[in-house]
Amino acid sequence: MFFIEGYIMGLGVTPQTVLPSLWIKRLFGEIEPNQEAQLKSLMEFYNMCMDRVMCNTLELPKTCVLPASNLQSALQESMPLPSYCKGMLAALSFIDRSELRNEQLKELNWLCHILKGLSSYINARNIFGAEKSNLETDVQEAKRSLITQLSSTIHEMRFSEQCLEHAQEPATFEGFNRSEVESHLQSILSKDDESTLSLINDLILVIERELITEQFKLRHKSEFDKLYEAQPYLILRSRKAQIQFNMGDIDAATDELETLLPLTLNDAYKNRYQLYNCYIKQKSWCSLDELLLTKSEGSFGDLATRTLLAFAKEGNTQSARKLKSKLKTTYPAVELLFDPSNSGEKGYSELCADTVNEYINRGGKKAWCSVNGGLFWLKSND
């Protein structure tokens, strides 16, 4: 555990972001599908550690102590402090030293010097001095200075004026074609498969580490969905839920959307449509009732959901038929749900057709199909 914590805190030092798919594999090897719960706990711990890095609230684990006597026992390789230091050293190997400025390299070398000296009793003697009378004093001083040096190194690596200036410089690469890159990314993210989901998870975790931390969300809670910086994050999380839904993992999609919706007070990305359809697939009528009560704005997706809910709970009642009549009168393009080939022939307005297709893309047709007789009833004119 101490090795893992040191390793993750070491990732917070790196100026270039290390994707989870890379550092997890180096730490644990391949993660099996049945280890999802452990992976989730690991990422929660990772996010907590990165919050400490971003807020500069660094501290050693309480059990990483050096007693005034018996230094040799405290620095055995299996003890907390040496394990922590070895973990951090392992993570620091991700850093490309050739890309560092002299100031960064100096800070990193000094941090590694302290970490290596505290990683075992033998290393302590080799690095801090062979004379036992001076060794204990030097080792204690090194341990006291570790957090200070860690903070200084993180600042120089990631938050110094030179780093911030460099981050604001426009990237200029020969042969760089933004439209081609965006097209390629769109092609990748449009697939509904495990590899796309893994990529999106990696991107989300990087954004949560670098910008959208829990503190950021709390600080901007009332205006989060209006922030320019938050838009890529919201788009990725929305797409993640959509892939989970399309792949049949309705519970995971529901969890994702229930976490996401409170961040988007105006629901500009219509994530409620996907959550409506999750609840319908799960037959969670009470949850659906509550969501419609709090989020419904009278749009096509809202009205279509109310109509389907009425049929699912009541059957072909008068109130359900009234909702169906209103839906078909207000949005003639609703026919695309059961006959998509009619789009060109019927001459629906572009806005009306786009609204219905957005609802379909968020699982609307699948939701209607999941209610026995739903689409047949919608098509009928009774």
Side-chain angles (χ1 to χ4, degrees), residues 1-15 17-18 20 23-24 27-28 38 40-71 73-95 103-104 106-121 123-124 127-128 136-160 163 205-206 208-219:
M1 183 62 201
F2 299 105
F3 183 95
I4 293 172
E5 182 169 351
Y7 184 94
I8 291 176
M9 292 302 295
L11 294 172
V13 180
T14 59
T17 297
V18 184
W23 66 258
I24 290 175
L27 184 60
F28 294 111
Q38 294 92 324
K40 182 179 180 181
S41 297
L42 175 66
M43 295 316 305
E44 288 173 353
F45 183 61
Y46 169 89
N47 290 332
M48 183 184 72
C49 290
M50 290 308 112
D51 284 344
R52 283 156 50 189
V53 169
M54 299 297 289
C55 299
N56 193 26
T57 54
L58 309 172
E59 60 182 6
L60 288 172
K62 296 190 186 309
T63 49
C64 287
V65 296
L66 281 179
S69 59
N70 203 2
L71 190 66
S73 176
L75 288 178
Q76 289 181 19
E77 293 192 5
S78 60
M79 295 298 283
L81 180 60
S83 296
Y84 182 92
C85 292
K86 285 186 289 186
M88 188 172 291
L89 284 168
L92 295 179
S93 66
F94 282 109
I95 297 175
E103 295 88 347
Q104 291 176 315
K106 180 180 177 182
E107 292 285 349
L108 179 61
N109 285 338
W110 186 239
L111 176 62
C112 289
H113 175 81
I114 295 173
L115 291 170
K116 187 174 181 181
L118 296 174
S119 63
S120 72
Y121 182 72
N123 286 340
I127 290 174
F128 298 126
E136 290 190 2
T137 301
D138 291 344
V139 171
Q140 292 287 357
E141 179 58 33
K143 194 258 184 181
R144 283 192 293 270
S145 68
L146 177 55
I147 291 300
T148 301
Q149 184 58 45
L150 177 59
S151 176
S152 178
T153 306
I154 289 172
H155 174 79
E156 192 61 55
M157 287 288 189
R158 302 184 58 187
F159 305 118
S160 65
C163 290
L205 289 167
V206 169
E208 287 179 335
R209 166 188 164 175
E210 300 297 333
L211 176 61
I212 312 296
T213 62
E214 291 303 315
Q215 287 84 354
F216 183 96
K217 292 174 187 176
L218 288 172
R219 190 160 56 246

| said: Listing request: all salt bridge (charged side-chain N to carboxylate O under 4.0 Å, His left out) pairs with a residue in residues 75-93, at least two apart in sequence or in separate chains. | reply: Glu77-Lys86
| request: Report the C-alpha distance between Thr63 and Met79 in whole Å, list the side-chain angles of each, state the deciding distance to 0.1 Å, and finish with yes or no for side chain to side chain contact (heavy atoms under 4.5 Å, CB included). | output: CA-CA 9 Å; Thr63 49; Met79 295 298 283; over 6 Å; no
| query | Taking atom CD1 of Ile114 and atom CG of Asn109, what is their separation to the nearest 0.5 Å? | reply | 11.5 Å
| Residues in side-chain contact (heavy atoms from CB on, under 4.5 Å) with Thr213, at least two apart? | Asp51, Met54, Gln215, Phe216
| request: Tell me, please, which residues at least two apart from Ser152 pass side chain to side chain donor-acceptor pair (under 3.5 Å). | output: Glu107
| message | Testing the basics here: between Leu75 and Ala124, what is the closest heavy-atom pair and its distance to 0.1 Å? | response | CD1-CB, 3.8 Å
| query | Would you say Ser119 and Leu115 make side-chain contact, with heavy atoms under 4.5 Å? | reply | no
| request: State which residues pass side-chain contact (heavy atoms from CB on, under 4.5 Å) with Met1; sequence neighbours excluded, sorted by chain then number. | output: Phe45
| For Asp138 and Ile127, what are the C-alpha separation, side-chain angles and deciding distance, and is it a side chain to side chain contact (heavy atoms under 4.5 Å, CB included)? | CA-CA 10 Å; Asp138 291 344; Ile127 290 174; over 6 Å; no
| said: How close do Met157 and Pro15 get, counting heavy atoms only, and between which atoms? | reply: O-CB, 3.5 Å
| query | Can you name the side-chain contact (heavy atoms from CB on, under 4.5 Å) partners of Thr57, sequence neighbours left out? | reply | Arg52, Cys55
| said: To the nearest 0.5 Å, what is the distance between CH2 on Trp110 and CD on Gln149? | reply: 7.5 Å
| CG-CD distance between Leu118 and Gln140, expressed to the nearest 0.5 angstrom | 9.5 Å
| message | Applying side chain to side chain contact (heavy atoms under 4.5 Å, CB included) to Ser93 and Leu89, what does each step give before you reach the verdict? | response | CA-CA 7 Å; Ser93 66; Leu89 284 168; over 6 Å; no
| So which heavy atom on Leu58 is nearest to which on Ile154, and how close? | CD1-CD1, 3.9 Å
| field | Side chain to side chain, Ser120 and Pro82, heavy atoms closer than 4.5 Å | value | no
| Any side-chain heavy-atom pair from Phe28 and Leu42 closer than 4.5 angstrom? | yes
| field | Any residue meeting salt bridge (Lys or Arg N to Asp or Glu O under 4.0 Å) with Lys217, in chain and number order, not counting sequence neighbours | value | Glu208, Glu214
| For Lys143, all residues meeting salt bridge (Lys or Arg N to Asp or Glu O under 4.0 Å), sequence neighbours excluded | none
| field | Partners passing ring pair (Phe, Tyr, Trp, His ring centres under 6.0 Å) against Tyr46 (at least two apart in sequence or in another chain) | value | Trp23
| request: Look only at the side chain of Asn47 and the backbone of Met43, and say whether a donor-acceptor pair between them is shorter than 3.5 Å. | output: yes
| task | Quick one: closest heavy-atom pair of Val18 and Thr14, and the distance? | result | CG2-OG1, 4.0 Å
| query | In Å, rounded to the nearest 0.5 Å, how long is the span from CD1 of Ile8 to CE of Met88? | reply | 11.0 Å
| Roughly how far apart are Leu150 CG and Leu146 CG, rounded to 0.5 Å? | 6.5 Å
| task | Evaluate the criterion side chain to side chain contact (heavy atoms under 4.5 Å, CB included) for residue pair Glu5 and Tyr84; output intermediate values, then yes/no. | result | CA-CA 7 Å; Glu5 182 169 351; Tyr84 182 92; 3.9 Å; yes
| field | With Arg219 via side chain to side chain donor-acceptor pair (under 3.5 Å) - residues at least two apart | value | none
| query | Between Pro67 and Val65, what is the shortest heavy-atom contact and its length? | reply | CD-O, 3.9 Å
| Gap separating the CG atom of Leu111 from the CD atom of Glu156, nearest 0.5 angstrom | 13.0 Å
| task | Just do the salt bridge (charged side-chain N to carboxylate O under 4.0 Å, His left out) check on Glu103 and Lys106 with the steps written out, would you? | result | CA-CA 5 Å; Glu103 295 88 347; Lys106 180 180 177 182; over 6 Å; no
| request: Please identify each residue that fulfils side-chain contact (heavy atoms from CB on, under 4.5 Å) with Thr148, with sequence neighbours left out. | output: none
| remark: Contacts of Gln104 meeting side chain to side chain donor-acceptor pair (under 3.5 Å) (sequence neighbours excluded), chain-then-number -> none
| task | Look only at the side chain of Arg144 and the backbone of Val139, and say whether a donor-acceptor pair between them is shorter than 3.5 Å. | result | no
| field | Partner residues of Ser145 under the side chain to side chain donor-acceptor pair (under 3.5 Å) criterion, sequence neighbours left out | value | none
